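All remarks here apply to the structure that follows.
What you are looking at is a predicted structure, and each value in this text was computed from that prediction instead of being measured. Atom set for the values below is all heavy atoms of this structure, side chains included, hydrogens, waters and symmetry mates excluded.
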Protein chains: 2
Amino acid sequence: MSEDFAAVAATAAERLAAHWRDLATGELPVVPPGGPGTTKKALPTTAPEHGEDLTEILNDTWHTIVPQLVHWQHPGFLGYYPTSNSPASVLAELVAAGLGVQGMLWSTSPAATELEQVVCDWLARALDLPETFLHSPGRGGGVIQDGASSAVLVALAAALHRASHGRWRTHGTEGRYRVYAGDQANSCVAKAARIAGVGDVVHVPTAPHTHALDPAALADRLDADRAVGLVPAAVVATLGTTATCAIDPIAEIGPVCRERGVWLHVDAAYAGSAALCPEHRYLNRGLEHVASYAVNAHKWMRTGTPCDVLWVADRQALTEAMSTAPAYLRNAATDSGRVVDFKDWQTQLGRPMRALKLWYVLRAHGLHGLREAIRHDIALAEHLARLVDDESGFHLVTHALGLVVFRCDSDQRTLELTTRLAAEPSLLCTPATAYGRPVLRAAVGAPYTSKDTITRAWSTIRAHART
Amino acid sequence: MSEDFAAVAATAAERLAAHWRDLATGELPVVPPGGPGTTKKALPTTAPEHGEDLTEILNDTWHTIVPQLVHWQHPGFLGYYPTSNSPASVLAELVAAGLGVQGMLWSTSPAATELEQVVCDWLARALDLPETFLHSPGRGGGVIQDGASSAVLVALAAALHRASHGRWRTHGTEGRYRVYAGDQANSCVAKAARIAGVGDVVHVPTAPHTHALDPAALADRLDADRAVGLVPAAVVATLGTTATCAIDPIAEIGPVCRERGVWLHVDAAYAGSAALCPEHRYLNRGLEHVASYAVNAHKWMRTGTPCDVLWVADRQALTEAMSTAPAYLRNAATDSGRVVDFKDWQTQLGRPMRALKLWYVLRAHGLHGLREAIRHDIALAEHLARLVDDESGFHLVTHALGLVVFRCDSDQRTLELTTRLAAEPSLLCTPATAYGRPVLRAAVGAPYTSKDTITRAWSTIRAHART
């Protein structure tokens, strides 16, 4: 079977390379034609009794699955925020899958753990994060999570542990703890607070013209809640909100949290990558006040999903919250205190070798290459913003980093355009609500996007608006 | 870059195939020689400024990383429970990574969602699970999680939602809800309860000679807690506990939970796969009472980690607990109610195309092939159990499915043997505590294990015991 594998894997790699060339030409539809049930109908209802050839399964993949996918790397994909990818990342996924290790403890695959410590430190240095976020020589460290949602959940657990002086581990949340976020924070914050057993997240108002969290409103709310006996456990601020890429003022929020002993987590899932470029290091202002910080490398760093890096300033706060020590996981390395066991840095026990693809991407692209890719995307977004701004009947709502947010001159026309674009196969924009009105978002970041593809996409949007 | 990719990926596939051949010979050490810091010292402290060749990175992988891994697919790997793998699974990981889709919503990649529904139904039928666990025609359905820990956490969230009649979503756990499990349940249950904000899990005693959860003790505890105003929200039972592969009696626990309106989650992470074989369908007794059920396909189904399948009997209970509906995720398909959005079946928002590798594995091996692999491993465990039983100075503590648990004639000798085996490069057994005494576990399931490799492993263990 091993002999066959190498040959079939080579074929698969060629098909993927051809698929990427097809994507680059823009000829494939971004959004598949089939309605609900199309794929289901094409598949049998039971698994086969006897094994089939890998080549046949590969053929079926291209016949049945690929035509019914949304192509997130298509140059016409402008939806949500990008889910990035690159040959280096895909190669690493192949190798990591083939090696098949389980990195829950240092002792269950030492290189998996140490590589992850090293690449998290690499990335912290490349982003110019505070030194305390480093494994070495810092007191903190980075860990790869499977997304910004998991990073928030882990941060909330550590925050609850700290706010309760450890009582949370045994007694739970007891209805006393509160989690705060701007009203523009991603829905994953509310979901994480719910899963952590604290109920509704407290949504703090954001500034009317920037959608950025208002530090004074936050301070007032924290103090008012504390006055009635509630315990503010965590604040989640955002660098690059989903709707408009708003940037919460960490330099002002940080002291508000620090003075009150509240854990500050910063969700920089999208915008954080921009700090690879010195000209965007304003994003780092105030991070010295932050307890935990997360960036999705799979959004804007050519790394396939999932790859979220979560850094904490004090690793002990995290591991005290998340640790388990059953007899069947005991080992001499853990007992020595000389190693990191990443099972205590995440909600799960098991974990694949998560660091390999970030290592491959950072090395294959180099920091220079990643910076150039980000600058390229930002320049294309500026191009699109100018096109929007020059167009009568359209309003440029906001434009930040790779995101352009726009609307038509009436809400009804915006909603009509949204409906028409949902049926357009050549591009994908996603709707949102910003400043109380319906808007459309175009996020630049797919790998084959160019000035031409952006210009063409805008022509298509204009044409739909005029229909 | 795409051209290079196919060539380098072909090389990587050949190196993996060679690596698997090396594993099969048993010549590689299972456990690497280097102590803490070995890998870290071999790597630079900063990411490179300029990109490097993929071939060079691949060479470094085999030079720096592979020699410092624990090889979970080595025939001498008898630790924990197996983390399985196969060429089909690795091929699927390559393809899924290359396609790079994001399956949070049906609309963000229809085929990813529908394929997952189909393969979860395939597996439910292959395991002969109750029909209610099917997406179609059942009221429930399956979803792929990243491990048994996540499956438990998701189940607890749904259970808390149900126990609180929805109040949990807004008010949190309020210190009123309790989660119960046998005292032999995996540590992930206690960790999930802690993360869910309910504090300590209530550990119910297990029977003294089987380590299986005692239904009468459970009923007593549930009633006693309810009598003092607490709300039992969930019971987690286990099919195949970590220490001894104990089987909790679901047919008796089920009615206890049902009569009291308590959510019953069954963690069948390891043992669940055995139900592929009709002769092990006793494992399914009582599953008609169960609210959620999870099996790690990455343990005993030739699927690489992570791949845990979680089934629920009532999908609405789950999605009501986990749903989010911000404006930027709205789409016509979701609004129509005709599709499944898997973001509402998990703690995270984003998700890669998780189903592809289970589809590849089920097709490439066929159900017949997977059954034969399980029977092969069980026969090898029986062989090992006989060797232990025949050996003076050793006691066979228990033997179930692919797991053999043994100890020496004194606890001190068992602990000495454990220390010596920790330094043995040719095999890996893990220690545990069973029936109050230290034991060693040997779990059969790595792909190249044979009667010969088991016999050799036992000789090595014996030799260490006599030193």
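For B:P36, the parts lying near chain A are the backbone and the side chain together; criterion is any non-hydrogen pair under 4.5 Å. Using a 4.5 Å cut-off between heavy atoms, B:A126 makes no contact with chain A at all. Of the two parts of B:L16, only the side chain, counted from C-beta on, holds a non-hydrogen atom closer than 4.5 Å to a non-hydrogen atom of chain A. Contacts between A:A333 and chain B at a heavy-atom distance below 4.5 Å are absent for every atom of the residue. Contacts of B:L123 with chain A are absent, with no heavy-atom separation under 4.5 Å from either backbone or side chain. Neither the backbone nor the side chain of B:A24 comes within less than 4.5 Å of any heavy atom of chain A. Of the atoms belonging to A:L58, heavy atoms from both backbone and side chain fall under 4.5 Å from chain B. In this structure, chain A has a heavy atom under 4.5 Å from the side chain of B:V66, while its backbone stays farther away. Heavy atoms closer than 4.5 Å to chain A are found in the side chain of B:Q117, but not in its backbone. At a 4.5 Å heavy-atom cutoff, the contact between B:N186 and chain A is made by backbone and side-chain atoms alike. Heavy-atom distances place the side chain of A:Q73, and not its backbone, under 4.5 Å from chain B. Heavy atoms closer than 4.5 Å to chain B are found in both the backbone and the side chain of A:A47. Contacts of B:P44 with chain A are made by both backbone and side-chain atoms, with heavy-atom separations under 4.5 Å. Both the backbone and the side chain of B:E49 come within less than 4.5 Å of a heavy atom in chain A. For chain B, the nearby part of A:A321 is the backbone; its heavy atoms alone come within less than 4.5 Å. Within the 4.5 angstrom heavy-atom criterion, atoms from both the backbone and the side chain of B:V95 approach chain A. Using a 4.5 Å cut-off between heavy atoms, A:L91 touches chain B through backbone and side chain atoms alike. When heavy atoms are compared at a cutoff of 4.5 Å, B:V118 approaches chain A solely by way of its side chain, counted from C-beta outward. For a residue to count as touching a neighbouring chain, one of its non-hydrogen atoms must lie under 4.5 Å from one of that chain's; by this rule B:D60 touches chain A with backbone and side chain alike. Contacts between B:T113 and chain A at a heavy-atom distance below 4.5 Å are absent for every atom of the residue.
Side-chain atoms of A:L43 and B:W359, non-hydrogen and from C-beta on, do get closer than 4.5 Å to each other. In this structure the side chain of A:T430 never reaches within 4.5 angstrom of the side chain of B:Y328, judged on heavy atoms. B:V70 places a side-chain heavy atom less than 4.5 Å from the side chain of B:P32. B:V90 places a side-chain heavy atom less than 4.5 Å from the side chain of B:W20. Side-chain atoms of A:L153 and B:L153, non-hydrogen and from C-beta on, do get closer than 4.5 Å to each other. Side-chain contact check for B:W122 versus B:R363: some heavy-atom pair is nearer than 4.5 Å. Between A:K357 and A:E93, the closest side-chain pair of non-hydrogen atoms falls below 4.5 Å. Contact annotation: the side chain of A:S136 approaches that of A:D121 to within less than 4.5 Å [non-hydrogen atoms, C-beta and beyond].
Contact count versus chain A (heavy atoms, under 4.5 Å) is highest, among B:A96, B:S149, B:A111, for B:A111. The choice from A:V101, A:T108, A:N85, A:D146 that makes the most heavy-atom pairs within less than 4.5 Å of chain B is A:T108. The residue among B:R330, B:H171, B:R169 with the most heavy atom pairs within less than 4.5 Å of chain A is B:R169. Per-residue heavy-atom pair counts under 4.5 Å with chain A were compared for B:S84, B:P110, B:A192, and the maximum is reached by B:P110. With chain B as partner, the option from A:V31, A:L362, A:T45, A:T433 having the largest number of non-hydrogen pairs under 4.5 angstrom is A:T45. Of the listed residues (B:A422, B:A112, B:G147, B:G35), the greatest number of heavy-atom pairs within a distance under 4.5 Å of chain A belongs to B:G35. Of the residues considered (A:T38, A:L370, A:T347, A:D308), A:T347 shows the highest number of contacts with chain B, using heavy-atom pairs under 4.5 Å. In terms of heavy-atom pairs under 4.5 Å with chain A, the best-connected choice from B:E14, B:M322, B:Q145 is B:M322. Heavy-atom pairs under 4.5 Å with chain A peak, among B:P352, B:P48, B:G175, B:A97, at B:P48. Residue with the most contacts toward chain B among A:G98, A:A10, A:A432: A:G98 (heavy-atom pairs, distance under 4.5 Å). Ranked by heavy-atom pairs under 4.5 Å with chain B, the first of A:R338, A:H135, A:H368, A:R194 is A:R194. Between chain B and the residues A:P326, A:G369, A:S109, the most heavy-atom pairs under 4.5 angstrom are made by A:S109.
Counting only distance, with no hydrogens or angles, the side chain of A:Q346 and the backbone of A:Q348 share a donor-acceptor pair below 3.5 Å. Not a single donor-acceptor pair under 3.5 Å links the side chain of B:T173 to the backbone N or O of B:V198.
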- Query: side-chain contact (heavy atoms from CB on, under 4.5 Å) between B:Y80 and A:L329: does it pass, once the steps are laid out?
  - Reply: CA-CA 8 Å; B:Y80 310 99; A:L329 295 179; 3.8 Å; yes

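B:L115 pairs with exactly one of A:T64, A:L69, A:T61, A:I65 by the side chain to side chain contact (heavy atoms under 4.5 Å, CB included) rule, that one being A:I65.
A salt bridge does not link B:K40 to A:E114: none of the charged nitrogens lies less than 4.0 Å from a carboxylate oxygen.
Aromatic rings of A:Y177 and A:W168 (six-membered ring for Trp) have centroids beyond the 6.0 Å cut-off, not under it.
Atom CZ of A:R15 sits in a crowded spot, with more than 12 heavy atoms from other residues, nucleotides or ligands closer than 6.0 Å.
Taking all atoms of both residues into account, the shortest heavy-atom contact from B:A12 to A:L94 is CB-CD2, 4.0 Å.
No side-chain donor from either of B:Y360 and B:S86 sits under 3.5 Å from a side-chain acceptor of the other.
Note on ring orientation: taking the six-membered ring where Trp is involved, the planes of B:H19 and B:W62 are perpendicular (angle over 60°, cut-offs 30° and 60°).
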